[in-house]
Amino acid sequence: MSATSSDLRETLREAAAAAASASRLGREFFARPTEEVARDLIGAWLFSLVDEDLSTGRIVDTEAYGGPEDRASHARAGRTRRTAPMFGPVGHAYVYLIYGMHECLNVVAYSGREAGAVLIRAIEPLTGVETMRARRDRPHDADARLCAGPARLCQAMAVDRSLDGHDLVSGDRLWLAAPPASPAGEGRIEIASGSRVGVAYAGDDWRHRPWRFWLAGHPSVSRR
DNA sequence: CGAATGATACCCT
DNA sequence: GGGTATCATTCGG
């Protein structure tokens, strides 16, 4: 890369970081009922700054998981070493390994409950798309599909268990921001909801609970 | 459709 | 302590 484009890259990075910090989501955003936070995270921006590379995406698919009462939640076994972040301060990351090979990113959020977290299932790539593509092990996907799934977005955004417990409110490697104000006439987004994915083992009332939220019709939403 | 792949939770010595 | 069933998934066939 030439010095000029490297300088431009640095400028863009600083501008994006400044803009993000101005509208960064604060602690109070996450201190609410988990399903409310899950719904409100649709449209928010996720930033990762790892190894000097900034990547940004718009959240389009989430799921809410409750505390020990939720038979579909990792917290159903109570507080364990793995799930400790779910019981800790809100606004921190909970990152775990699934199926022995994939990482998943959650944001701790709850109020009036013992624990809870929101799984980020998919984002729409916005900036740093080439960095994301280079990190993915299937680089021929369309841009919109690079982060269409909880494990895919972790791979593309360089999110792994070293970020487990990372404070997304004050941290400098991974954080969340409210979307910039949209121009008039472009503000309406349609949020759909339905049952959570991969929780057939939970009892009838829990597996059918409509705690998955997504941007209706968006191409980056993870497939059913 | 099924394999990949390993941490975890849980039950048993 | 040790064995093992289970998994908030993804990718090829």
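Values reported hereafter were calculated over all heavy atoms of this structure, with side chains retained and with hydrogens, waters and symmetry mates removed.
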- prompt: For dT10(C), does OP1 or OP2 lie under 4.0 Å from any side-chain N or O of H102(A)?
  reply: no
- prompt: Say you draw a straight line from CD of Q155(A) to CE of M101(A); how long is it, rounded to the nearest 0.5 Å?
  reply: 12.0 Å
query: Expressed in angstrom and rounded to an integer, what is the separation of M101(A) atom CE from dT8(B) atom C1'?
result: 15 Å
- prompt: Roughly how many Å is it from CG in L97(A) to P in dT8(B), rounded to a whole number?
  reply: 8 Å
query: Can you find a donor-acceptor pair, distance only, under 3.5 Å between Y96(A) side chain and dA8(C) base?
result: yes
- request: Can you tell me the distance, in whole Å, between the CD1 atom of I120(A) and the P atom of dT9(C)?
  value: 14 Å
query: Are I98(A) and V118(A) linked, directly or through other ILVMFWY residues, by side chains that come within less than 4.5 angstrom of each other?
result: yes
message: I'd like to check, for Y65(A), whether its ring lies over the base of dA8(C) with centroids under 5.5 Å apart and a plane angle smaller than 30°.
response: yes
field: Whole-Å gap separating P (dA9(B)) and CZ (R81(A))
entry: 9 Å
- prompt: Hey, quick one: are W211(A) and V197(A) part of the same hydrophobic cluster, counting side-chain heavy atoms closer than 4.5 Å, chains of contacts allowed?
  reply: no
Reported CD1-to-CE distance for the pair I123(A) and M132(A), which is rounded to 0.5 angstrom: 4.5 Å
- prompt: Of the nucleotides dA7(B), dT9(C), dA9(B), which one has an atom closest to the side chain of R82(A)?
  reply: dA9(B)
message: Strictly below 4.0 Å: does R121(A) bring a side-chain N or O up to OP1 or OP2 of dT9(C)?
response: yes
task: Among the candidates dT9(C), dA8(C), dG6(B), find the nucleotide nearest to the side-chain atoms of H74(A).
output: dA8(C)
query: Charged N to carboxylate O below 4.0 Å: is that the case for R152(A) and D141(A)?
result: yes
statement: Comparing nearest nucleotides in DNA chain B, the 5'-proximal residue of the pair R76(A), R161(A) is R161(A)
message: If I take atom CD1 in residue I98(A) and atom P in nucleotide dA3(B), what distance separates them, rounded to the nearest angstrom?
response: 18 Å
task: Pick out which of E28(A), E36(A), E35(A) makes a side-chain hydrogen bond (donor to acceptor under 3.5 Å, both in side chains) with R32(A).
output: E36(A)
- prompt: Stem ranges for DNA chain B, with three or more consecutive Watson-Crick or G-U pairs under 3.5 Å?
  reply: B:1-4 with C:9-12, B:6-12 with C:1-7
Write out a two-atom table: protein N or O, nucleotide N or O from nucleotides 11-13 of chain C, distance below 3.5 Å.
unit_1: dC11(C); atom_1: OP1; unit_2: R136(A); atom_2: NH1; d: 3.3
unit_1: dC11(C); atom_1: OP1; unit_2: R136(A); atom_2: NH2; d: 2.6
unit_1: dC11(C); atom_1: OP2; unit_2: R152(A); atom_2: NH1; d: 2.3

- request: Quick one: label R207(A) by what it contacts on the DNA or RNA (base, sugar-phosphate, nothing), any heavy atom closer than 4.0 Å.
  value: nothing
task: Apply side chain to side chain contact (heavy atoms under 4.5 Å, CB included) to the pair L46(A) and T56(A), showing each step before the final yes or no.
output: CA-CA 6 Å; L46(A) 176 68; T56(A) 314; over 6 Å; no
message: I need the CH2-C1' distance between W214(A) and dA8(C), as an integer number of Å.
response: 15 Å
query: When rounded to the nearest 0.5 angstrom, what distance separates CG in L215(A) from CD1 in I191(A)?
result: 7.0 Å
- request: Give the nucleotide from the list dA8(C), dT9(C), dA9(B) with an atom nearest to the side chain of Y201(A).
  value: dA8(C)
message: What I want to find out is whether D70(A) reaches R113(A) closely enough, with some N-O distance under 4.0 Å, to be called a salt bridge.
response: no
query: So, is the end of the R161(A) side chain (NZ or CZ) under 6.0 Å from the ring centre of Y96(A) and within 45° of the ring's axis?
result: no
field: Candidates dA9(B), dA8(C), dT9(C) - which lies nearest the side chain of M86(A)
entry: dA8(C)
statement: From CZ of R71(A) across to P of dT6(C) the rounded distance in Å is 16 Å
- prompt: Tell me: CD of E103(A) to C1' of dT9(C), nearest whole Å?
  reply: 12 Å
